[in-house]
Novice: 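Dumping the structure here so I can ask a few things about it.
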Amino acid sequence: MTSNARRKRKDERLVQSEDEEEGISNPSMEGDLPEMTGTDSSPEMEAAEADALVKTLKTKRRKKKKELADEVISPKDDLARQLKEAKRKSQQKIEDAEREEMEESAPMSVVADDGTLPMPEEEERESVLEEAEGEEVRRLRKKKEETEETLIEGPPGEEEETPPPREEEEPPAKPPSPVPKEPSDEMPSKSLSIKEKMRMRMEKAKEEALSEVKEEEKESRKERRLQRDKKQTTRFDETKPYIGSPHASFEIDENELDRITEEKRLQRLERRKKMPAKGREGFQMPTAEEAFDFFTREWKDEEKEEVEEGVEKAETEKAEKKEGEEAAEQEGAPKPDKPEDEQPLITQDDEMVSDLPTMMCAAYTPDINEQIKKEGEIYFVPSAAEIPATQKVGADFEVRRLEDEGFYVGKRPSAGSRNQNRMEHRLLKEIEKGRESSRAWFGEDGSLLALPDPLRSLPSRPPMPEEVEPVLKLDYKKAVIREFDSRYIDGTTEGIGHYQLDVDLNQVFFTHHHLYSKEHALAQKLTSLYEQYVIRERKNMTAYLGEKLKALKNSALHLQDHIAAHKSEYNLTDRSNYDRRLQDYRAEIIQTRQQRDREEKTDRTLLRHILATWKAIKKERELQTFTNTPVKLQIRKEDGNKVEDERVWKQEVLAEIEELRDEHEREYRRNMLTYEEEMKRYQNQIQAKAEAQKRVDKRRKKIGSKQSIRSGAEDDEQHEKDLELLSEADLTPPDEPSHFDDATVRESVEKKARENRRRPGEPKLHLELSNTATITPTQNCNLDEQRRRADVSKCMIFVKILFNNKEVSRTNMKPLSQDFKVSYGQIYSMKIVQWPESIAFQVHESIGLGSTLVAELCAPIPDTSVTSVSVQLEDLEFSSDRKEKLNRAAVGSGMPFTYGSDNSQLEILMTTGILTYSVAWAVDEHGQALVPPALVNANTMFTHMKKMDPLAAIGAAGVMDLKKLADWFASSHLDPNDPSNADIVYLLRGKGGDTSHLTPAEYFRLEQLMVEFDFVTQQELEENKRFRLIQLRDEEVQEFKNYKMVPAHEREVPRDVFTEYERKKREEQRLKSEGDHDIETQRMAVKRYRQKIRDQVMRRFRRQAHMKNWEDMVKEDMVPNIALLGTSLMKVFARRTPLKPQRKKQKKVVAQSIKGDEVRIIVNISRAQNVPVRLSAAMQAGSGAVTSRQDTRPLEQTMVRPFVEVMFQHHCIRTSVGDGSNPSFNEELEVPFRAPFDDYSPGNLQTVPDAVFLNIFDEVVVDIQEDDRERGRMVHQRIEKKWLGSLKIPFTTIYFNGKIDGTFRVNAPPVLLGYVYEGLSHGPDDIGINKDLKTLLGLFISIQPPLTQPEPVKERFSTNEDEATMVQADQWKEQISSRFTPKRELKTFVTDVNFKSVFITRYFRPINPPDEFTGKGPELVARYVSLIPFVPDAAIFPGLCDIWNTCDQFLAMLSGDEEEHAILLVNYFLHMGIKAWLICGNAIPEGPTAYVLTEEANVHYIWNPSSGERFRTNDATCPLRSIGCIVNNENIWANIQPYDKPDQMMYSLTETSCWEPLFNNSRRNPGLQSIQPERLYYLQTDKDFVTELQEKIQHVLKNKVMDWRSRYITRWNRHCSQIMRKTLPLLEESLGKSVDQDHIKELEASFSSYKVSGFPINMPFTEVDPIVETVYATGVHGHESNEIEFALAVYVHPYPNSVLSVWVYVASLMKNR
Amino acid sequence: MASSSVFLVMVSGQIESAEFPEFDEIYLRYNLHYGQDWLVTSGLEEGISQVAKKSQDDRQQIVWNFPIDVTFKSTNPHGWPQLVVHCYGSDFWGTEVSRGYGVCHIPITPGKHKLKIPMFVPESSSLLQKFTSWFLSRRPEYVDARVIARGEGREVTRVRSQGFVNISFNVIMKDMKKLGYDVLPSDVSTVNVPENVGTTATEA
């Protein structure tokens, strides 16, 4: 801030302070200003003179004080002077007072003129001055001028200002009204009529006058307090000016003085004018004096503090000496400090304006210092000090006091001045910050806007309306008691809830009782039989049926005759009609006859039974010598006419036989027909079978002789059919129908007749049962019988009545009568409130104490029409299976007994009986049935449904089977057009509405309204692209999972959204659908299988992934255990090793925060080793090779100029060219990375299929100078790059590991034409490449920024394993893994394809390798395994954990990752008798992986299952870096050695200090079964297919190469190709490692005139495309010349099960010049 | 993708205050959780408030008055934005622990809404855990506060309610009706304008 600016500000401030001073001098303003608050709280002085007096006194007082203070403070002052001054002042003061009195007496008119202030003008001038005064000098001069001017200028200005209209009115009404009294927001009050205003003011004035007197007393106290307050502020203020710039402050003071003097002068003038209005000035004088004294004393305390001001004050004093009245001088003192006081704040604020508080996105900084700093930026502590009015109003405006101008300003509501000041500060702050709008808070007078105090002086209460709002009105309603609640019949309706059921229990009769005697039982039997007899007799069914039979026969005969007679007359339909009728008759005749026979039979048996029973009774009575029952059977015999009888008999028999014959004949004819048919079929079959058998036999012979698999498809078909035929069940030869056998039929008819009919001559019997037999009196019976009878009468029977399973009443106990009847004859009335659900009776029997339940029987709930008036008694039978012992004469129940003396017939009878009762609705006195109304129209709840759909209504009734109904409808020949059948017809009519086909709709609808909720039809749902998109997204389909902002309308859906997806779908579809006769059919099958597994697994996983557990949801610390505490404590005391810095983890970036373009893969290539050197160079350098042996190696000869090319996602970056076979690059290459679908979430990232390719090339510069003459002047060269090897690192590997660091073996071809490894070029025979020497590449790969890795998927899923084993394994794992800080790979359970946790040892079992490999070395097997394509699990099962497949699944899928390869290899080894284990450990670059460990003759080898390589355990180049545990089919051994590097470890598993087995003596292996198949079956790979494939690959490659170099002619060297083709099988035989040197020699020999460079590439076959890619990556084609020739050879070596090894040999030949 | 048909939901409002009867000195964070079809066009998705103390009166309110001002763009009401509020405060040992999680949907009708959302915290899984978590000032927290805006996995948690947070929303919507979504109740959408309103205005 420039000093000028500062000055300016100070100026402003000064102006303000002046304003304030003025305000202070004005008592009415005191409410606003802190210093004055106490001094006089009554602002109204106009009316009362007292006021005026006070005022004068006060001002005097203040002046005095100031003067005194000033004097004291000034350094040169001494006490004496001070005293003198004081005296002088007091004198002056008195004088002043006198003068004021005089002034008061001045004419009224002057005062009236003075009503408004000259202030505005003054102010204006001041501001003008301020603006003008840029320089101090000028200001100073001005000051002098002004001081001189004051006296002269003041009065005229005032007079000019007075507004004429107010002149008359103001004087009486408005004595000197203080300016600030009128707040500027009073502006609207101007609109009020002046008269009104006046009146109000008068009122107020009066009030205030009264209060003034009281206030006076308080004044002194307040003043004191004020002083104290002031003191504080002063102290505070004072320090700053000194700290700041004293010079500046001095200036300010001077400046300010100008203003002050001016101001004061004005005030004085004003006051002088006002004075006259305030009369009676002497009134208050004494008090003023006292106060004055008091204050002078007080003031001394402050003296020291106001050091500086003193000087200036003195000056002012002098200037104003004449006017003794000094108003706010006192305030003047602290004022000047204020600007400085605020200075620091202001500067701060200026800085702050730029950085407004910003909201941060949840970044929390716990640093306290930073927080304080931040708070400092944000917080603002407003000071309580006053602010000059000018500052508040703004520089461009003048302070205006409306009150002084004569406007009415109401009384401001009281508010603490400190608070008010604070608020002003705040607002000013905002203004400073540029919010000029805050200026609006200030009125024209510089104070805050405020409405007049809204409070009334007197308390009052608001008017309360008498009437209540109609809405809120409450109506009185009588309380209602509900008798029943709604779960009862009708709780809703009042009054009628009384329903009554009458239960009439008439009697209980036991048809069997355990106290029955034998005779009773028999009698009972007889009675029931007789009842049956009577009923039958009444019906007389036999006679009826006989008649019917006769009539039928007649009509049949008649019909037959009729047909015979009119045969020709009828057409076909009629005839068939008649025939059918005839047949009907016949059938009915047969039926009727059978019925009649049955009836006759029953009649007869019944008769026989009755007679037998009666006989038994008679016998029983005889036996027991007394009669117990009154039954008596009378038999009447009616003799018949024997002859007549016989005739009828015979006739009937004959008729029957005749009929039977008839029938039989018809039957025979029919049977004969079917028989013939069947016979024919039977014979046909026999013949066919014989033929088939012949064919099959023939074929068998054929197969036996010829081993060809290929046989015609037709043949197969035939064969199949034959087999089918043969396997058919043999038909049984049909039986020939028998002819009618007259004799037997007759016999059977007669026999039947004899059995069933009264024989001719036998008398007809008529029976009559009566109860007329006399019962022997008790005393005449024997003892047993007497006791029995006594028991009977002791037996009491009662019945309980249960309503809704609750007992409501019971009958009396009544003794059983001797005829086992109990009569109650009583009606029990039940008032019910609940819906009747059941009415039940329980029959109880009690003998002696207690009772037993005999039976419970339910009565139906009576229909509404059944009332007690109309009801009939009904019988209910009951029975009991309770066993009751028979004693004495009684038979008991449920116990076997015999009649009579012989023990032949055992009989068991159960207690049974009949209850006679009735249940009916009661009738009240008006004859009204007391039936619940709802029962009348039952199932009302379905009525609305019925309206909707009759189907639903029927369904609700739940009784009808529509199918049956339809059947019945069809069979009953109902007229569908009959209106009475309309309902049924409608019901049965299907959708079509076709009345002819009455079939019910074959569906069931649970919610017939459901359709209403379908917002579109199903079809629309499927066709709409938008819906489809949403659905697919919901299904979390990869492509759409993260689709953002699905458009709101279908038309806005991009047209190509689905193209990709549909293509994929089609692909899958194609995979699924067979019949694709591609050459790779089998591969397709494999793919299909893989797809299937994948789908299955994905489905499972999706379900699994949505199941969360506690850890997924809530972050909670584990309860610390002692071990953890210990280690953490140890950490504190651990030795600090500052020279060994710990690696700090990089912060992971969350997926959301990645925009997409900043992710890069950083590849740091440090060096390469063992890069093969050019043969020419090597030969020259080496001691002896093929042609020229020069011991001196030319210096300019370059060995090799390798460089590395990094390729990722079609981005290609290369290093600079290194030199020699061990170049060091030290270059950092950055390759951009883009995630598919721009989705950087871990779930997506782990499915990225891309890989980083690192290719090593040799840069060869070829001189192509055509003209030797120009050699000196021109350089014409061609740069060629020759592929030396490559390395492929999948992105997922980098992603999962975060970084990859180390030295890697480059995959170099086994033969690299034209190149040789340097170290080996010495021996003449080592032209080829030694397998042990490989190019190594030092690498460091990382992703920048580091991406969040996927959360470890919970590996534990549901399992079939034994719980105890799992727990054991978990404990074991926990125990071991806690011991080692970089956790070792320990696996106990793994996930299988079914998402089940499976114990790892279950994966092992010796499995046979393909038969071809038997007897071959393990290397071949390893090679076989390594040739199965390698696909990481993450690529097959994206977003999933590691899934372990079994070997058969692995081979079926023909792809898998390390563990599958390793398991298969281990299993093969086990089968071969080699000790083998699976190693779980870490390797580079794979990360956590699985290797294989074998032991052969005490030497341990480590196998890399994915490459088939074997390493010795001490081999440093082994990619395996650590071993966590080893597993085989028996056990898991955890590595508990201190080191886990393979070359530092012990491999003797028995050593318990090195290896800790899971199963030992204490933990037994529970005998886990292997989940692997016992045997694997291998399919032979089709040789034809292989050759075909070979040709195909070759063809494709040739075309491709020509495509790639389309600018040049591509020539193929056939001879070279042939040589190469010969060598390839040799390479395969040597398992792609050791090389047969001969072929190279041959090649060298044939092409010595050429420069040959080329190499064979080997890879497992997956598809053709990858092969092309690989060849392309080597850049063989990249020779930009026409002269070059190419050679290409492809060899596919088949292994069983379609495992194919593909060899591609590419070479370029260039003629040596 | 030039999708012209979107609707806008503008939410302004503030997280006004909270009632946590047992705790003091609490600050809060808020996140907005919304579906895939939603996009924040302006405003902050997350925010962290100042630390607020209880008022000294009977209400014991913790007042933040923390403003929320977000505008969403969307094509589909599915995944309607939710406001997830989580509060933190210092515990007995002076360590900051979670004091409550709460969630509410942004009101789906335009206008002013005041909501009072209950706040809850996950409970410790066992009594011992409870003690250690108290002793070590490591109360269980949600792994991601947004889980409370979803239903998934909630069945495994046990929570306890802690207090309430009062939020006021002012919601303005644009083009909802154009896309066929009618969020206004019928009585609001068809405002009955008094007849004389227009006439007096014209006369005046």
Side-chain angles (χ1 to χ4, degrees), chain A residues 357-366 371 374-375 378-379 1015 1026-1027 1029-1034 1036 1040-1057 1102 1105-1121 1124-1125 1128 1150 1152-1153 1239 1351 1354, chain B residues 1-7 27 29-31 35-39 43-50 66-67 69 73-78 88 96 98 121-126 128-129 131-133 136 138-144 147-148 152-159 175 178-181:
Chain A
T358 45
M359 259 199 279
M360 300 282 288
C361 275
Y364 175 66
T365 50
Q371 201 173 347
K374 272 195 179 164
E375 278 177 9
I378 295 169
Y379 296 164
F1015 69 106
R1026 179 169 176 264
F1027 294 149
L1029 196 61
I1030 291 171
Q1031 275 176 334
L1032 285 171
R1033 187 175 66 177
D1034 187 52
E1036 295 183 9
F1040 307 101
K1041 202 171 146 191
N1042 290 297
Y1043 200 94
K1044 297 255 158 61
M1045 304 283 283
V1046 173
H1049 294 301
E1050 193 194 351
R1051 61 186 139 82
E1052 284 162 8
V1053 178
R1055 213 163 288 160
D1056 54 345
V1057 185
R1102 262 193 71 188
H1106 286 277
M1107 273 157 53
K1108 305 259 166 116
N1109 58 22
W1110 171 257
E1111 282 76 27
D1112 297 332
M1113 293 294 290
V1114 179
K1115 198 158 58 188
E1116 188 182 28
D1117 277 18
M1118 294 296 291
V1119 177
N1121 57 18
L1124 268 177
L1125 279 176
S1128 56
V1150 197
Q1152 285 88 338
S1153 56
D1239 174 13
E1351 309 131 31
K1354 34 184 190 294
Chain B
M1 185 174 68
S3 72
S4 56
S5 49
V6 291
F7 61 85
Y27 70 92
R29 293 177 55 186
Y30 80 82
N31 310 76
Q36 286 179 314
D37 294 331
W38 291 73
L39 204 76
L44 294 174
E45 272 180 60
E46 285 184 55
I48 184 162
S49 81
Q50 74 274 19
F66 192 63
D69 195 348
K73 184 169 89 171
S74 174
T75 55
N76 193 350
H78 173 75
Y88 299 89
E96 263 168 23
S98 65
V121 284
E123 275 282 75
S124 294
S125 50
S126 70
L128 177 64
Q129 284 277 25
F131 173 74
T132 45
S133 70
L136 299 173
R138 282 171 188 165
R139 274 202 61 90
E141 285 177 31
Y142 280 117
V143 171
D144 178 6
V147 297
I148 60 166
E152 200 175 79
R154 294 274 282 278
E155 73 277 5
V156 300
T157 61
R158 304 282 175 273
V159 297
D175 292 346
K178 212 191 253 175
L179 294 182
Y181 302 114

Novice: Evaluate the side-chain proximity of R1026(A) to N76(B): yes if any heavy-atom separation is below 4.5 Å, no if none is.
Specialist: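 A side-chain contact exists here, since the closest heavy-atom pair is under 4.5 Å.
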Novice: Please classify the contact between R139(B) and chain A as side chain, backbone, both or neither, with a heavy-atom cut-off of under 4.5 Å.
Specialist: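 For R139(B), backbone heavy atoms alone lie under 4.5 Å from chain A.
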Novice: For H78(B), does the NE2 atom have more than 12 heavy-atom neighbours from other residues, nucleotides or ligands under 6.0 Å away?
Specialist: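 It does not: H78(B) NE2 has 12 such atoms or fewer within range.
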Novice: Look at S98(B), G35(B), S125(B) and state which one has the largest set of heavy-atom pairs under 4.5 Å with chain A.
Specialist: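 The candidate making the most pairs under 4.5 Å is S125(B).
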Novice: Check each atom of E155(B) against the heavy atoms of chain A and say whether the ones under 4.5 Å are side chain, backbone, both or neither.
Specialist: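 Contact with chain A: side chain only.
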Novice: Run the side chain to side chain donor-acceptor pair (under 3.5 Å) test against S133(B) and tell me which residues pass, sequence neighbours left out.
Specialist: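 Only S124(B) meet the side chain to side chain donor-acceptor pair (under 3.5 Å) criterion with S133(B).
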Novice: Looking at residues at least two apart in the chain, or sitting in another chain, which of them share a side chain to side chain donor-acceptor pair (under 3.5 Å) with R1033(A)?
Specialist: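 With neighbours one apart ignored, the set is Q36(B), D37(B).
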Novice: Select one option (side chain, backbone, both, neither) describing which atoms of Y88(B) are under 4.5 Å from chain A's heavy atoms.
Specialist: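 Neither the backbone nor the side chain of Y88(B) comes within 4.5 Å of chain A.
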